[in-house]
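Remarks on the structure that follows.
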Amino acid sequence: MNDNYLLMHKDIQCGVVAIDRISGALSEFSVIDPEHAPFLGNANENNMKTWWKHRAVPGSRTDMAEIIRKAGCDSNLDYLAKNLALSITDTYWICPLDLELSWDDVNLHRRSLNDQGILSYQNGTSYDPNASLGGQMNKYWDISGESPVLVKRAYEYYGQQSVNELFASELHLRQNSGVPFVMYHERKADDNAVLSCCEAFTDEHVEFISAYEVMLSRKQRPGMSDCDHYISVCDSMGIPQEEMQQFLDYLILTDFAISNIDEHLQNFGILRNADTLGFIGPAPIFDSGNSMFFNRTGSVPLSRTELLEQEIRSMHTSEEKMLKHVRDVSVLDPDKLPAPDETSAFYLSHGIPEAKCHLISGSYRNKLSLLNDFMKGIKISLYLEKQRGMS
């Protein structure tokens, strides 16, 4: 049995979605206004099923499991539907066919957690912006102030994922490259958690469209790389090829420097005017928590070979292949990168044990040697590193 909803983009009806009452999964989709629908006007039922899954908070997130249960929901997808699929990062939502709701009734950007004027649906929940907040790290939106603030809570790995956000912010700040990035700040917690916070880079007029959605919106030409396809689609939508190539060059190089292993297609994208649908530019760099060897144990630094063996989530599964898409290494100034000893002191000052700091700084030192080789035109190859180790 399904419940039917209108898929809305602000007050514009994009389509009709059918949501399974038991699983909360999107089972059917029919388009009304393709221009305003997801996937840049090329939404289909299969894409929308994936879009719905990506929109829900991961069911495995420990901070949300109890909230979902107390709301009387059977799953994270059910919880998403009960909260009308509202999000801080865009202006899409779903409206039950039997209710007369407007965008002003549900707009999360115009209310705080203490606002009692917000309408509620089925008395199951208030409108929780965290129902659509992705990622495995515990986090929540603080919408009590003038603008939403994302608060990330790291317990595992000595809280290093939050510290990594602070380190990446410092790195980008020093580069002063002109490439947009999210500035994370530290916030004290009452328990042992390490918090990193940042203001939302979206509002009711500016929304985030993931690289995943951008890429699936157009058919990819045979033989064209994912990177070139992404640049091509953005160029066709108003972001010049040169601007997007510069952004990706910088993103790939800085990800390589800090060994960010989680730059998947939902973790970067573009900003769009929610009213005109015009592309604004690349979204700022965000979510660098899964970097700097956060899940490694011991104190022995990773060798150059071990660094290149790390599997990543991005357009490729290896950093070596990602580097092949870089066109201009001058977008990064290696002299402005934090030094290894300075990096060790940074992590030590944020509560990371001395042994782990030794692993971090030593591995980072080896990574910088690889980066410097690449910037000198030397080929970066796991095969060659292994051959050198055998000689």
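Hydrogens, waters and symmetry mates are skipped; everything else that's a heavy atom, side chains included, is used.
At a cut-off of 3.5 Å, with distance as the only test, a side-chain donor of Asn164 or Gln160 sits close to an acceptor on the other residue. For the residue pair Asp78 and Ser75, no side-chain donor N or O sits within less than 3.5 Å of a side-chain acceptor on the partner. Side-chain atoms of Thr89 and Ser87 form a donor-acceptor pair, as typed in the model, at a separation below 3.5 Å. Side-chain contact, His205 with Asp275: a donor N or O sits under 3.5 Å from an acceptor N or O.
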Q: Could you give me the CA-CA distance, side-chain angles and deciding distance for Asp90 and Lys10, then say whether salt bridge (Lys or Arg N to Asp or Glu O under 4.0 Å) is met?
A: CA-CA 9 Å; Asp90 64 33; Lys10 290 196 170 181; over 6 Å; no
Q: Report the C-alpha separation of Asn366 and Ser369 in whole Å, then their side-chain angles, then the decisive distance to 0.1 Å, and conclude whether the side chain to side chain donor-acceptor pair (under 3.5 Å) test is met.
A: CA-CA 5 Å; Asn366 290 336; Ser369 73; 4.9 Å; no
Q: Check the pair Lys82, Asp128 against salt bridge (Lys or Arg N to Asp or Glu O under 4.0 Å), reporting the backbone distance first and the verdict last.
A: CA-CA 9 Å; Lys82 290 296 196 304; Asp128 184 359; over 6 Å; no
Q. Hey, mind stepping through Leu99 and Tyr5 against side chain to side chain contact (heavy atoms under 4.5 Å, CB included) and telling me if it holds?
A. CA-CA 10 Å; Leu99 289 183; Tyr5 302 80; over 6 Å; no
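Applying the salt bridge (Lys or Arg N to Asp or Glu O under 4.0 Å) test to pairs two or more places apart or on separate chains, those with a residue in residues 152-165 are Lys152-Glu165, Lys152-Asp287, Arg153-Asp191. Applying the side chain to side chain donor-acceptor pair (under 3.5 Å) test to every pair with at least one member in residues 31-49, sequence neighbours left out, gives these pairs: His9-His36. The stretch residues 203-224 participates, sequence neighbours left out, in these salt bridge (Lys or Arg N to Asp or Glu O under 4.0 Å) pairs: Arg110-Glu204, Glu207-Arg272. Identified under the ring-ring contact (aromatic ring centres under 6.0 Å, His included) test for residues 341-362, with sequence neighbours left out: Phe167-Phe346, Phe167-Tyr347, Phe346-His350. Each salt bridge (Lys or Arg N to Asp or Glu O under 4.0 Å) pair with one or both residues in residues 168-180, not counting sequence neighbours, appears once here: Glu170-Arg174, Arg174-Glu342. Within the structure, the ring-ring contact (aromatic ring centres under 6.0 Å, His included) test picks out the following pairs touching residues 272-311 (sequence neighbours left out): Tyr157-Phe294, Phe201-Phe286, Phe208-Phe286. Identified under the salt bridge (Lys or Arg N to Asp or Glu O under 4.0 Å) test for residues 324-336, with sequence neighbours left out: none.
Side-chain contact between Lys386 and Leu308 is absent, with no heavy-atom pair separated by less than 4.5 Å. Side-chain contact between Leu371 and Phe256 is present, with at least one heavy-atom pair separated by less than 4.5 Å. Leu337 places a side-chain heavy atom less than 4.5 Å from the side chain of Leu368. Looking at heavy atoms from C-beta onward, Cys14 lies in side-chain contact with Tyr92 at the 4.5 angstrom threshold. Proximity of Leu253 to Val331: side-chain heavy atoms (C-beta onward) are separated by under 4.5 Å at one or more points. Within the 4.5 Å cutoff, the side chain of Thr254 has no heavy atoms near those of the Val179 side chain. In this structure the side chain of Ser232 never reaches within 4.5 angstrom of the side chain of Tyr230, judged on heavy atoms. Contact of the Ile143 side chain with the Ile88 side chain is registered, since non-hydrogen atoms from C-beta on lie closer than 4.5 Å.
For the pair Arg304 and Asp373, the salt-bridge criterion is met [side-chain N within less than 4.0 Å of a carboxylate O]. The pair Asp226-Lys321 does not meet the salt-bridge criterion, since no charged nitrogen lies less than 4.0 angstrom from a carboxylate oxygen.
Panel note: side chain Asn83, backbone Tyr79; a donor-acceptor pair is recorded below 3.5 Å. Side-chain atoms of Gln245 come within 3.5 Å of backbone atoms of His325 as a donor-acceptor pair (strictly under, hydrogens ignored). Looking at His316, its side chain never comes within 3.5 Å of a backbone N or O of Ser318 through a donor-acceptor pair. Listed for the Arg55 side chain is no donor-acceptor partner under 3.5 Å among the backbone atoms of Leu80. Checking side-chain atoms of Asp11 against main-chain N and O of Trp103 turns up a donor-acceptor pair under 3.5 Å. Without hydrogens or angle criteria, His229 side chain to Met215 main chain gives a donor-acceptor distance under 3.5 Å. Using modelled atom types, one side-chain atom of Ser169 and one backbone atom of Tyr184 make a donor-acceptor pair closer than 3.5 Å. With hydrogens and angles ignored, the 3.5 Å screen pairs no side-chain donor or acceptor of Ser363 with any backbone N or O of Ile360.
The CG atom of Asp228 sits 11.5 Å away from the CG atom of Asp235 when rounded to the nearest 0.5 Å. Considering CG of Asn2 and OG of Ser27, their distance stands at 3.5 Å, rounded to 0.5 Å. We find the CD-OG distance between Glu263 and Ser314 to be 6.0 Å, quoted to the nearest 0.5 Å. Asn295 contributes atom CG, which lies 5.0 Å from atom CD1 of Ile261 (distance to the nearest 0.5 angstrom). Taken to the nearest 0.5 Å, the CG atom of Asn130 stands 10.5 Å off from the CD1 atom of Ile68. Here the CG atom belonging to Leu307 is positioned 9.5 Å from the CD atom belonging to Glu309, to the nearest 0.5 angstrom.
Evaluation of the side chain to side chain donor-acceptor pair (under 3.5 Å) rule for Ser259 yields Lys367 as partners, not counting sequence neighbours. With sequence neighbours excluded, the residues satisfying side chain to side chain donor-acceptor pair (under 3.5 Å) with Arg365 are Asp341. In terms of the side chain to side chain donor-acceptor pair (under 3.5 Å) criterion, Ser381 has no residue partners (sequence neighbours excluded). Listed by chain and residue number, His172 satisfy the side chain to side chain donor-acceptor pair (under 3.5 Å) test with Tyr250 (two or more places apart in sequence, or in another chain).
A pairwise comparison of heavy atoms in Ile19 and Gly24 identifies CG2-O, 3.4 Å as the closest pair. In plain terms, the two heavy atoms of Pro353 and Leu348 that are nearest each other are C-CD1, 4.4 Å. Of all the heavy atoms in Ser196 and Ser162, the pair that sits closest is OG-OG, 3.5 Å. Taking every heavy atom of both residues into account, Glu320 and Ile380 meet most closely at CG-O, 3.3 Å. Nearest approach of Gly362 to Pro301, heavy atoms of both residues: C-CB, 3.5 Å. Residues Thr276 and Asn273 approach most closely at N-OD1, 2.9 Å, considering heavy atoms.
Residues Leu133 and Leu195 are members of separate hydrophobic clusters, defined by side-chain heavy-atom contacts under 4.5 angstrom among Ile, Leu, Val, Met, Phe, Trp and Tyr. With hydrophobic clusters built from ILVMFWY side chains whose heavy atoms lie under 4.5 angstrom apart, Leu97 shares a cluster with Phe29. A single hydrophobic cluster is not seen to contain both Val149 and Leu86; linkage of ILVMFWY side chains at heavy-atom distances under 4.5 Å, directly or through other members, places them apart. Tracing side-chain contacts under 4.5 Å through hydrophobic residues (I, L, V, M, F, W, Y), one reaches Ile280 starting from Leu248; they form part of the same cluster.
Side-chain contacts under 4.5 Å among hydrophobic residues (ILVMFWY), followed directly or transitively, place Met137 with no other residue at all.
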